[in-house]
Amino acid sequence: QVHLVESGGGLVQAGGSLRLSCAASGRTLRTPVMAWFRQAPGKEREFVARIQWTGAGTYFADSVKGRFTISVDNAKNTVYLQMISLKPEDTAVYYCATDRSIAVHTTASSYDYWGQGTQVTVSS
């Protein structure tokens with residue numbers, strides 16, 4: 001079992017920035033990849049970014065490339081999503097998730113454990 005807790009969401013104006021955190025506990029050694037997804041009201045859950053616990057293997061959705069970065073702190077078992085130049089269309093609940101495979105997966109069904117999510121709202 002892996003337990004994930006997201007934090008850092010909030011309300012920000014367009015052009016602003018936020019840093020989301022995802023603290024992982026449990027059998028994280030069996031989940032080499034961490035990812036962020038987001039889900040806006042009425043839309044499907046959408047891949048945002050992924051990274052291996054080694055710090056390698058970063059991959060981003062085209063919609064966030066150049067604006068979002070993903071990083072890990074192994075000492076804290078935490079994954080971060082730094083978001084800058086936020087746009088109203090970034091508004092969503094953001095979730096972190098684990099993947100037992102190091103292959104690049106962008107569909108939610110490929111991920112095993114999920115956090116409860118943190119709301120990000122970007123006002124225009």
Side-chain angles (χ1 to χ4, degrees):
Q1 287 283 351
V2 177
H3 187 54
L4 304 173
V5 179
E6 302 96 335
S7 61
L11 173 63
V12 64
Q13 288 188 331
S17 61
L18 281 174
R19 189 178 78 160
L20 306 183
S21 301
C22 172
S25 60
R27 295 187 171 183
T28 56
L29 287 178
R30 302 184 68 176
T31 59
V33 169
M34 298 293 294
W36 287 95
F37 282 75
R38 65 187 182 186
Q39 189 166 19
K43 294 189 177 182
E44 292 187 354
R45 196 163 294 191
E46 173 191 30
F47 172 82
V48 175
R50 58 89 84 181
I51 189 169
Q52 296 177 38
W53 279 109
T54 60
T58 59
Y59 186 80
F60 297 89
D62 288 343
S63 58
V64 306
K65 277 181 185 175
R67 299 189 299 120
F68 291 11
T69 56
I70 189 170
S71 60
V72 296
D73 183 333
N74 283 281
K76 296 182 178 179
N77 268 6
T78 299
V79 179
Y80 301 99
L81 185 70
Q82 178 69 52
M83 308 182 293
I84 67 170
S85 302
L86 282 162
K87 304 175 182 179
E89 51 264 44
D90 294 319
T91 295
V93 177
Y94 283 71
Y95 300 89
C96 63
T98 66
D99 190 352
R100 280 179 276 186
S101 169
I102 61 171
V104 176
H105 293 136
T106 60
T107 55
S109 60
S110 297
Y111 289 79
D112 309 297
Y113 296 98
W114 294 83
Q116 82 291 347
T118 185
Q119 176 71 47
V120 171
T121 303
V122 184
S123 63
S124 57

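The distance between the ring centers of W114 and F37 falls below 6.0 angstrom.
Once rounded to the nearest 0.5 Å, the distance linking OG of S7 with CD of Q116 reads 8.5 Å. Residue T58 holds its OG1 atom at 8.5 Å from CZ of R50, rounded to the nearest 0.5 Å. Rounding to the nearest 0.5 angstrom, the gap separating the OG atom in S21 from the CD atom in Q82 is 9.5 Å.
Looking at every heavy atom in both residues, V48 comes nearest to V64 through O-CG2, 3.6 Å. What you find for S63 and R38 is that their closest heavy atoms are OG-NH2, 3.5 Å. The nearest pair of heavy atoms linking A49 to L81 is CB-CD1, 4.3 Å. The two residues A14 and P88 come nearest to each other via the heavy atoms CB-CD, 4.1 Å. Residues F47 and T106 share a closest heavy-atom pair of CB-O, 3.3 Å. Counting all heavy atoms, side chain and backbone alike, D112 lies closest to R100 at OD2-N, 3.1 Å.
Other residues, nucleotides and ligands contribute only 12 or fewer heavy atoms inside 6.0 Å of the OH atom of Y59. Heavy-atom neighbours of I102 CD1 from other residues, nucleotides or ligands within 6.0 Å: at or below the threshold of 12.
Residues V12 and M83 share a hydrophobic cluster, clusters being chains of Ile/Leu/Val/Met/Phe/Trp/Tyr side chains in contact below 4.5 Å. Cluster membership for W36 and V93, using ILVMFWY side-chain heavy atoms within less than 4.5 angstrom, is not shared. Hydrophobic clustering (ILVMFWY, side-chain heavy atoms < 4.5 Å, transitive): I70 and Y80 are in distinct clusters. Linking Ile, Leu, Val, Met, Phe, Trp and Tyr residues whenever their side-chain heavy atoms come within less than 4.5 Å places V120 and M34 in a single cluster.
Side-chain contact between Q52 and P32: absent, with no pair of heavy atoms (C-beta onward) separated by less than 4.5 Å. Here the side chains of F68 and L86 are in contact, with some heavy-atom distance below 4.5 Å. For the pair Y95 and L4, the minimum side-chain heavy-atom distance is 4.5 Å or more. Counting only heavy atoms from C-beta outward, the side chains of Y111 and H105 approach each other to under 4.5 Å. Between T91 and Q119 the shortest side-chain heavy-atom distance falls below 4.5 Å. Between L20 and E6, the closest side-chain pair of non-hydrogen atoms is not below 4.5 Å. At least one side-chain heavy atom of W53 sits under 4.5 Å from a side-chain heavy atom of T31.
In this structure, S85 contributes its side chain and R67 its backbone to no donor-acceptor pair below 3.5 Å.
Residues K87 and D90 are not paired through a salt bridge, judged by the lack of any N-O separation under 4.0 Å between the basic side chain and the carboxylate.
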